[in-house]
Student: 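This structure is in structure tokens; I'll ask about it shortly.
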Amino acid sequence: MGRNVVVTGGGTGIGLAVARRFADAGDDVVIVGRRREVLRQAAELLGPKVRPLPCDLADPDAVEGLVDQLPRRIDVLVNNAGSREVAAGAGPHALVARWRGDFERNVLTAVLLTETVRDRLTTGQGRVVTVSSIAAIRGAGSYGASKAALHAWNHFLAAQLGPSGITANIVAPGTVAGTEFFGDRLNESELVRRAGRTLVGRVGEPDDVASAVFFLSSPEAGYITGEILHVNGGEILGR
Ligand SMILES: NC(=O)c1ccc[n+]([C@@H]2O[C@H](COP(=O)([O-])OP(=O)(O)OC[C@H]3O[C@@H](n4cnc5c(N)ncnc54)[C@H](OP(=O)(O)O)[C@@H]3O)[C@@H](O)[C@H]2O)c1
């Protein structure tokens, strides 16, 4: 029997690759994001095993409204939705907007949905995988701080879910091209610069991250919990 999988941010980039991986394995996948049309197109691309559900996961009312549409049993929850605030602006108001915004987009999206569905996670084999970033370790202002908060939260979550046989892990990617994350900031020279910071001489692809998420969601990974799996071509080690 296929698993019931929920992938947030599953309409684009890394989340789309993750959703594809599960759908190809015969699982039933719900993809969640804010843009209805983006999700619809992704579901059309990935086939009948994938169901789109629009929702702003930083909005508690919207998340409450989503719950009835989610499967009663969730085998795998992938908290992948997130983004980085690039809005310029100086002064305390801009600073607060940036920090609050990054916290909402990257932390609250994961915490709100996980807490809301935690009673539906399958006892004995449930999996929660949350996507953070290399920025949680190497720092990138409010974005890095918000991703680092996910690491602390995941440790707590793993301890809470462990007695029920449910694991909670983090996948922390380095630079991944082919997503909407960077907008038009990832030009050719920036790609070359970032590839040069890795030990393998290239930036990541969404499938690199999807493979790690898929493994941590597998039955074989049942003895791995509270971990952070870095997927960055060795960038974190430095040259
Ligand atoms: N690309 C990289 O180099 C990189 C590196 C490290 C970590 N990451 C992390 O990887 C994850 C996926 O990013 P990506 O690179 O694939 O970029 P992406 O293409 O921009 O994907 C982000 C997804 O999250 C969804 N999302 C954002 N805020 C949301 C909200 N409030 N509610 C529901 N959905 C929301 C977006 O859909 P809507 O806009 O339609 O809501 C979008 O589908 C993010 O958590 C990102 O921080 C990326």
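Every number for a ligand or one of its atoms is a count from 1 in the order of the listing. Quick note: numbers below take in every heavy atom, side chains included, and nothing from hydrogens, waters or symmetry partners.
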Student: Which residue owns the protein heavy atom closest to atom 32 (N) of ligand 1, what's the atom, and how far is it?
Tutor: Leu57 N, 3.0 Å

Student: Are more than 12 heavy atoms, taken from residues, nucleotides or ligands other than Arg73, located less than 6.0 Å from that residue's CZ atom?
Tutor: yes

Student: Mind telling me whether His151 and His230 have parallel, tilted or perpendicular rings, with 30° and 60° as the class edges?
Tutor: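 Correct class here is perpendicular.
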
Student: Which of the numbered atoms in ligand 1 are under 4.0 angstrom from any heavy atom belonging to Phe182?
Tutor: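 In order of number, 2 (C), 3 (O).
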
Student: Check Asn154, Leu157, Val6, Thr8 against Thr114 for a side chain to side chain contact (heavy atoms under 4.5 Å, CB included) and give me the one that passes.
Tutor: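 Result for side chain to side chain contact (heavy atoms under 4.5 Å, CB included) with Thr114: Leu157.
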
Student: Would you mind finding which of Pro206, Gly183, Ser133, Gly174 brings a heavy atom closest to atom 5 (C) of ligand 1?
Tutor: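 Result: the heavy atom closest to atom 5 (C) of ligand 1 is in Gly174.
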
Student: Please write down residue, atom name and distance for the protein heavy atom closest to atom 27 (C) of ligand 1.
Tutor: Arg34 NH2, 3.4 Å

Student: Just heavy atoms, cut-off under 4.0 Å: does Ala135 contact ligand 1 by side chain, backbone, both, or neither?
Tutor: neither

Student: For the CZ atom on Arg72, are there more than 12 heavy atoms of other groups (residues, nucleotides or ligands in this structure) within a distance under 6.0 Å?
Tutor: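 For Arg72, atom CZ is not crowded (no more than 12 foreign heavy atoms under 6.0 Å).
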
Student: What I want to know is whether Glu180 and ligand 1 share at least one N or O pair that is separated by under 3.5 angstrom.
Tutor: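 Yes, there is a polar N/O contact under 3.5 Å.
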
Student: We want to know whether Gln160 and Arg118 form a side-chain donor-acceptor pair, criterion being a heavy-atom distance below 3.5 angstrom.
Tutor: yes

Student: Distance under 4.0 Å to a non-hydrogen atom of Cys55: what atoms of ligand 1 satisfy this?
Tutor: 32 (N), 33 (C)

Student: Should you measure from each heavy atom of Thr109, which atoms of ligand 1 turn up under 4.0 Å away?
Tutor: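 That gives atoms 30 (C), 31 (N) of ligand 1.
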
Student: Does CZ belonging to Arg202 count more than 12 external heavy atoms closer than 6.0 Å?
Tutor: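 Yes, because the 6.0 Å sphere around CZ of Arg202 holds more than 12 heavy atoms from other groups.
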
Student: So, 4.0 Å and heavy atoms of Lys147: is ligand 1 close enough to count as a contact?
Tutor: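 Flag set, Lys147 near ligand 1.
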
Student: Taking distance alone, with N or O pairs closer than 3.5 Å, would you say Thr12 contacts ligand 1?
Tutor: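 Yes: some nitrogen or oxygen of Thr12 is under 3.5 Å from one in ligand 1.
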
Student: Using a strict 4.0 Å cut-off to heavy atoms of Val131, name the atoms of ligand 1 that fall inside it.
Tutor: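 Contacts of ligand 1 toward Val131, numbered from 1: 9 (C), 10 (O), 11 (C).
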
Student: Can you tell me the protein heavy atom closest to atom 8 (N) of ligand 1 and the distance?
Tutor: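 Minimum-distance protein heavy atom for atom 8 (N) of ligand 1 reads Tyr143 OH, 3.7 Å.
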
Student: Less than 3.5 Å apart, any donor N or O on the side chain of Asp102 or Ser146 sitting next to an acceptor on the other?
Tutor: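 No.
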
Student: Whether Arg3 engages the ring of Phe214 as a cation-pi pair (distance to the six-membered ring centre under 6.0 angstrom, angle to the ring normal within 45°) should be assessed.
Tutor: yes

Student: Please classify the Ala172 to ligand 1 contact at 4.0 Å (heavy-atom distances, strictly less than): side chain, backbone, both or neither.
Tutor: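 For Ala172, there is no contact with ligand 1 at all, from either part.
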
Student: For ligand 1, does Asp56 get within less than 4.0 Å through its side chain, its backbone, both, or neither, judged by non-hydrogen atoms?
Tutor: both

Student: Can you tell me how far apart CG (Asn79) and OG (Ser132) are? Round to the nearest 0.5 Å.
Tutor: 11.5 Å

Student: Does any N or O atom in Ile134 lie less than 3.5 angstrom from one in ligand 1, N or O only?
Tutor: no

Student: For atom 26 (N) of ligand 1, which of the options Gly13, Ser83, Ala81, Gly204 provides the nearest non-hydrogen atom?
Tutor: Ala81

Student: Give me the nearest non-hydrogen protein atom to atom 23 (C) of ligand 1 as residue plus atom name, then the distance to 0.1 Å.
Tutor: Gly9 CA, 3.6 Å

Student: Considering distance alone, does some N or O of Val32 sit under 3.5 Å from an N or O of ligand 1?
Tutor: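 No, Val32 has no N/O under 3.5 Å of an N/O on ligand 1.
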
Student: Which is closest to atom 9 (C) of ligand 1 by heavy-atom distance: Gly82, Ser132, Pro54, Ala110?
Tutor: Ser132

Student: Would you mind listing which atoms of ligand 1 come within a distance below 4.0 Å of any non-hydrogen atom of Thr175?
Tutor: 3 (O)

Student: Less than 3.5 Å between some nitrogen or oxygen of Ile14 and one of ligand 1, yes or no?
Tutor: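 Yes: some nitrogen or oxygen of Ile14 is under 3.5 Å from one in ligand 1.
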
